[in-house]
Number of protein chains: 2
Amino acid sequence: MSQSIEATIVVVDDEPSIRELLMASLHFSGFEVVSAATGSEAIEVIEKTKPDLVVLDVMLPDIDGFTVTRRIRQGGVDAPVLFLTARDDTQDKVMGLTVGGDDYVTKPFSLEEVVARIRAILRRTRQEGEADPIIKVADLEINEDSHDVTRAGEIIDLSPTEYKLLRYLMDNEGRVLSKAQILDHVWQYDWGGDAAIVESYISYLRKKIDGVEVRDENGAKKKVTPLIQTKRGIGYMIRAPREEQGSTD
Amino acid sequence: MSQSIEATIVVVDDEPSIRELLMASLHFSGFEVVSAATGSEAIEVIEKTKPDLVVLDVMLPDIDGFTVTRRIRQGGVDAPVLFLTARDDTQDKVMGLTVGGDDYVTKPFSLEEVVARIRAILRRTRQEGEADPIIKVADLEINEDSHDVTRAGEIIDLSPTEYKLLRYLMDNEGRVLSKAQILDHVWQYDWGGDAAIVESYISYLRKKIDGVEVRDENGAKKKVTPLIQTKRGIGYMIRAPREEQGSTD
DNA sequence: TCTCATCCTGTAGATTTCCTGAGAAACGTC
DNA sequence: GACGTTTCTCAGGAAATCTACAGGATGAGA
């Protein structure tokens, strides 16, 4: 969200709700988005649009996603593809998807997941110098390539959901996010449970992120300053602590 | 209210009282407002008007709000939507409502809430540039993104209602607001209590906003100048103090 | 100055929201 | 198949917030 990436993406899915969900989310994340509902339409649109990336459902009513990929590659388009697959698709089919810059996510996905994968692919594809996989808030860092998380230098181990939640918060540093927003972005789109789960995961994150102890100059143990804040009745926010202005200005 | 945003909004709700409440309030807030009472009428009006934003009740007599959204998006309108939902279907259907610049408020809402959400959406949607989340009166500032409130640099912690009240006052800087007006805007439209509660909250705000102490050049503690004024028999107003010439206090 | 309406603010109880630990279920790994 | 991890639910308790109410303070007008 923070940095505008300026890339064109073609979204291919026959289910209107999923297509629109992806379009809205990607558009809002700063991408140029075009869509297609069938395989043949996809080929046409992709060859015309020459996108930087294609989000492609493998299960399409007419031509399956792999064939679509083959066709567009023959047509001279070598944009990377992010496949959308059903969870029960056999492993062998999914095998080989991760070669050549392509990747996949399983349905039902979370928007966080999709956007993160897209960013990762583009980062890899675009080579260039400015591909920085590190997101930073104060002394908290996450590396999008290695999925490493460190606080004040200490390595922190997070579960997948904890990681996604943290990344979403950090992507929106200094902005209060409601529990509904967090649910919509971090959890799978078919999630039917209660927003209370967000509270639990915030609690887990706090224990791991804000519960870190470091040693100061004297060797005494000291808790780090909390970064995750609760805005009661509104939501949660992550932010670097304000500069202490002890100066009498 | 202060800054004229000049945007066109379509309001869709089948209940005439709510529709008119919203229309009046939004019109007064400086928006161009058109309305519709049913889903089909909404689609027609929206495609003709091409508004900057749509306020849409999800529960409509003919076509539900989600379908309306899909239809207008297919029709080439990609205006963001502020959904109005009943409090009890927040769990099932709310999923994805906060995606892609969209948002929602639950009925019964307060007008403050609706206007604030609309501003937030427009701020985010209208791309970069002059998106300023800060509202300022003298040395009092509120940040709409982080919900931070500062007076003379000091961070102030406000409850949700206090925050809404302050925002309403600041949005109407230099204008006296009656207790009835405040009640109508800051509290939910079905509020049945006494207007005396406004006095209580004004009192809370004063303690927090106008009770701040700062240190002057000599290091002596000094109260800030009060910003919240009572107009006896009329209402309340917030305003930057006039240029002091020969302060006798 | 007196009176009355209006406003201010403290107290207290009810309500809402949040935090966190414990446990069940699902999942992946060896 | 056994184990550890992860995800999710639930519920108790703590804390913040909301609201009503009432006595005191203040201001306007007679």
Side-chain angles (χ1 to χ4, degrees), chain A residues 87-88 91 94 106 108-110 112-113 147 149 156-166 168-169 176-180 182-183 186-211 226-237, chain B residues 87-88 90-91 95 106 108 110 112-113 147 149 156-166 169 176-183 186-188 190-211 226-238:
Chain A
R87 178 165 292 286
D88 46 343
Q91 291 298 349
V94 177
T106 56
F109 48 78
S110 76
E112 247 322 89
E113 191 69 35
H147 273 227
V149 179
I156 293 169
D157 189 54
L158 297 184
S159 79
T161 305
E162 289 164 356
Y163 182 84
K164 276 191 275 188
L165 172 56
L166 179 60
Y168 183 51
L169 290 173
V176 183
L177 301 168
S178 70
K179 276 181 269 199
I182 294 175
L183 259 193
V186 175
W187 269 261
Q188 303 172 351
Y189 57 76
D190 66 342
W191 167 259
D194 199 287
I197 196 173
V198 176
E199 295 173 17
S200 283
Y201 272 84
I202 288 285
S203 177
Y204 297 156
L205 262 191
R206 279 192 168 130
K207 215 180 303 182
K208 294 186 177 179
I209 298 298
D210 287 339
L227 299 179
I228 301 174
Q229 299 174 25
T230 302
K231 290 285 175 174
R232 194 160 242 263
I234 314 289
Y236 298 97
M237 169 173 61
Chain B
R87 178 166 288 286
D88 26 326
T90 44
Q91 287 313 330
M95 300 304 303
T106 56
S110 75
E112 236 337 78
E113 191 71 35
H147 273 234
V149 179
I156 294 168
D157 192 53
L158 297 185
S159 80
T161 304
E162 288 164 358
Y163 183 86
K164 276 193 273 188
L165 172 56
L166 178 60
L169 290 173
V176 182
L177 302 167
S178 71
K179 273 182 274 197
Q181 278 180 303
I182 293 176
L183 210 52
V186 176
W187 272 261
Q188 302 174 349
D190 67 344
W191 166 260
D194 198 307
I197 198 173
V198 175
E199 296 174 15
S200 283
Y201 271 86
I202 288 286
S203 174
Y204 296 155
L205 263 191
R206 279 191 168 129
K207 210 183 305 182
K208 293 186 178 179
I209 299 297
D210 288 339
L227 299 179
I228 301 174
Q229 300 171 27
T230 302
K231 293 290 170 178
R232 191 161 244 265
I234 316 287
Y236 300 96
M237 169 174 63
I238 204 169

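Keep in mind that this is a model prediction, so the values were computed, not measured. Values reported hereafter were calculated over all heavy atoms of this structure, with side chains retained and with hydrogens, waters and symmetry mates removed.
- Atom CD1 of B/I234 and atom P of C/dA5 are 17 Å apart (whole Å).
- Across all their heavy atoms, A/V186 and A/L165 have their closest contact at CG1-N, 3.9 Å.
- Among the atoms of the strands shown, only primed sugar atoms or phosphate atoms (P, OP1, OP2) are found under 4.0 Å from some heavy atom of A/Y236.
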With sugar-phosphate taken as primed atoms, P, OP1 and OP2 and all else as base, the protein-contact string of nucleotides 7-20 of chain D at under 4.0 Å (heavy atoms; B, S, -) is BBBB----BBSBBS

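- For C/dC7, one of the phosphate oxygens OP1 or OP2 lies less than 4.0 angstrom from a side-chain nitrogen or oxygen of B/K179.
- Sequence order on DNA chain C of the closest nucleotides to B/K207 and A/K207 puts B/K207 first from the 5' end.
- Distance B/R206 CZ to C/dC7 P: 11 Å, rounded to the nearest Å.
- Ring geometry, A/H147 versus A/Y163: the interplanar angle falls under 30°, so the pair is classed parallel (tilted spans 30 to 60°).
- In summary, the aromatic rings of A/Y168 and A/W187 are positioned with their centroids too far apart to meet the 6.0 Å limit.
- The distance between atom CG of B/L205 and atom C1' of C/dT9, rounded to the nearest whole Å, is 14 Å.
- At whole-Å resolution of the value, CD1 in B/I202 and C1' in D/dT26 are 17 Å apart.
- Here the shortest heavy-atom pairing between B/I228 and B/D210 reads N-OD2, 3.1 Å.
- Distance B/Q188 CD to C/dT15 P: 16 Å, rounded to the nearest Å.
- OP1 and OP2 of C/dT6 both lie 4.0 Å or more from every side-chain N or O belonging to B/K231.
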For a quick check, with a 4.0 angstrom heavy-atom cut-off, what is the B/S/- contact string for nucleotides 24-30 of chain C, read 5' to 3'?
-------

